[in-house]
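In what follows, a structure is listed as structure tokens, so that the remarks can point back to it.
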Amino acid sequence: MDVYEKITSLAKRRGFLYPSYEIYGGEAGFYDYGPLGILLKNRMEEVWREYYILKEKCYEIATPVITPYALLKASGHVDEFIDEIGTCTKCGLSVKVEELKDDRCPVCGGAVEKGSLNLMFETYIGAKKKEKAFLRPETAQGIFVNFPVLYEFFRKKMPFGVVQVGKGFRNEVSPRQGIIRLREFSMAEAELFFEPDNKTHPRFHEVKDETMHLVSDELDSEMAAGEALQKGIIGNEALAYYMVITKKFLERVGIDTAKLRFRQHKRDEMAHYANDCWDAELYSDRFGWVECVGIADRSAYDLTAHMTATGTDMRAFRKYDEPRKIKRTAILPKMDALGKTFRGKAKKIADELRKCKISGDTDTVTLNMDGETIELDATFFNVEEVEETLAGEKFVPHVIEPSYGIDRIFYFVLEHNYKEVEKENETYVLITLPPSLAPIKAGVFPLVNKDGLPDIAREIERELRDGGIMAIYDESGSIGRRYARMDEIGTPFCITVDYQTKDDDTVTVRFRDTTEQVRIERGKITEWIKKEMEK
RNA sequence: GCGGGCGUGAUGUAGUUUGGUAACAUGAAGCCCUGCCACGGCUUAUCCCCGGAUUCAAAUUCCGGCGCCCGCACCA
């Protein structure tokens, strides 16, 4: 058995992951999180929020999974997310339509059956009048379409960031590798809005010496963020900053950073919306390098797309440092003449007039209004050179997007922390999860099941839970077996009540990774564990 | 989607060649034992992926479906 198989079997046995709908034969690409699995996943998402919401000052929003056709048409997903595929009837090869040679199989020349694959799940809104819709392929779009109100919420100060943690859906052709490729998956995405020529981060200097393993066509080495930026390897400061944040986050949830690298996308593998992209890849003994986080510069792509499709102004306003004076040729309507001739229509005509493109020697203007053609000569306007003061300008913000695949990271947290050690000629399994991530923080055991020790242990379990610490009481089997059970699910501490406890109210606390023990006052355990978790 | 392999208690496996009462280990529950690292004792529960065919009889043979694994393709 390799690591993946061991983890899959442990995960099912101990309540981390179950294949979905198993009693109905199972459904490929779907997994259930079990009782312990969801505790761990929730902790990962909480830690993610600490990084992006607390520290980076983003705000989180929640938008629907079901997304109207028009939105995804505008974003490019309807067209770009479709794969036209030809399958050779002779040799069975499947290829993209553009790779066909004269509509025949490029390998054996056989006839080809064409089909198209849209990787989005389709659905309909409304029971009677059915409007076509899709399950969202990414949470990002829900943020983009809310840009105008969010911009207002942030009181028009750029840059700002909005995040969303939730489900995304992709109807994969053939999902495999368990939780690595799901059809319904959890993602945590941050959309950070910047002025196009100012993709910087105020705290970049704090992380500029942090190193990352960078891989691109020309490069494969450990390099400081600042250096990579200077050399133009990473396109801008914000991108580099969030790559460092990603590394810190992954390390915090228990990823082995020796098995982390950032790989730059080649031009042709970039998503339709991206113009620079670095993937955080994690190494698996089973699967090799796997993309788990994508950090993309989406430029103005999405906001522009939604602006074009809906006519909504998705621009932000930037004040110039100093107001700029601009000279231009302007047309100034003469309201007295217009009023006398056109009466009620005068104001509307004047507004139209101001929009006209003119030059210094324009003497007549023709307007088309409500199907009516109106000729105006110089008695109705003046043409003048005017000097205007512009306070600033409007622009479509650029977006830097770190996008995390929670389920994949979840798997890697397990794989990177899965340890086997030899213990008295037997393989002994433990998961060395960071204490703050562990689903169960403490096991509480009576050394023996008599003389009142179980009662004391039960009380301690209760005290811990009252203090906010997930603890489990266990009296079944030998003490060693109970330690082993806890080690296998990554519980960092085991508290044992022994006879000394009855004398002096102390207990032993045993560390998962070293099996060392310390003696601690019963009343202080809760605080002690909380402190340990901060380490 | 195509080709190959596989599907047996919660987990890992044997049994399928040669059709006839499904076994082992781990895990789990209960009781006992146990003065700190899975090693003890007794008891209990839990399995042949689903559907069809052949047969007196199918875990075993055949067909179809679903799922898992490998390869090809796909993975914005």
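Chain letters run A, B, ... following the sequence lines, proteins first and then strands; every chain starts at 1. None of the values given here were measured: they were computed from a predicted structure. Computed over heavy atoms, backbone and side chain alike; hydrogens, waters and symmetry mates excluded.
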Mind checking the CG-NE2 spacing from L282(A) to H416(A)? Nearest 0.5 Å is all I need. 5.5 Å

Interatomic distance at P, U16(B) relative to C6(B), whole Å: 14 Å

Do the side chain of R176(A) and the base of G71(B) come within less than 3.5 angstrom through a donor-acceptor pair of N or O atoms? yes

OP1, OP2 of U26(B) versus side-chain N and O of R14(A): anything below 4.0 Å? no

Within the pair K12(A) and A10(B), is there a side-chain N or O less than 4.0 Å away from OP1 or OP2? no

Below 4.0 Å: OP1/OP2 of G67(B) and any side-chain N or O of Y21(A): no

Output the single nucleotide from G12(B), A28(B), A10(B) whose closest atom is nearest the side chain of R13(A). A10(B)

Under 6.0 Å from the six-membered ring centre of W289(A) and within 45° of its axis: does the NZ or CZ of R261(A) meet both? yes

C74(B) OP1/OP2 closer than 4.0 Å to side-chain N/O of R181(A): no

V215(A) vs Q264(A) side-chain heavy atoms within contact, under 4.5 Å: no

Base, sugar-phosphate, or nothing for Y428(A), non-hydrogen atoms under 4.0 angstrom? base

Over all strands shown, is R512(A) touching base, sugar-phosphate only, or nothing at heavy-atom distances under 4.0 angstrom? nothing

Indicate for each nucleotide in nucleotides 30-36 of chain B, in 5' to 3' sequence, whether protein heavy atoms under 4.0 Å reach the base (B), only the sugar-phosphate (S), or nothing (-). ----BBB

Would you classify V429(A) as touching base, sugar-phosphate or nothing, given that sugar-phosphate means primed atoms plus P, OP1 and OP2, and contacts are heavy atoms under 4.0 Å? base

With a 4.0 Å cut-off on heavy atoms, is F185(A) in touch with a base, just the backbone sugar-phosphate, or nothing at all? nothing

Are F121(A) and E184(A) packed together at the side-chain level, in the sense that at least one heavy-atom pair is separated by less than 4.5 angstrom? no

Evaluate the side-chain proximity of Y4(A) to Y411(A): yes if any heavy-atom separation is below 4.5 Å, no if none is. yes

Paired with G12(B): which nucleotide, if any, by Watson-Crick or G-U wobble criteria at under 3.5 Å for both distances? C24(B)

So which of R485(A), R458(A), R481(A) actually passes salt bridge (Lys or Arg N to Asp or Glu O under 4.0 Å) with D474(A)? R485(A)

C74(B) OP1/OP2 closer than 4.0 Å to side-chain N/O of R183(A): no

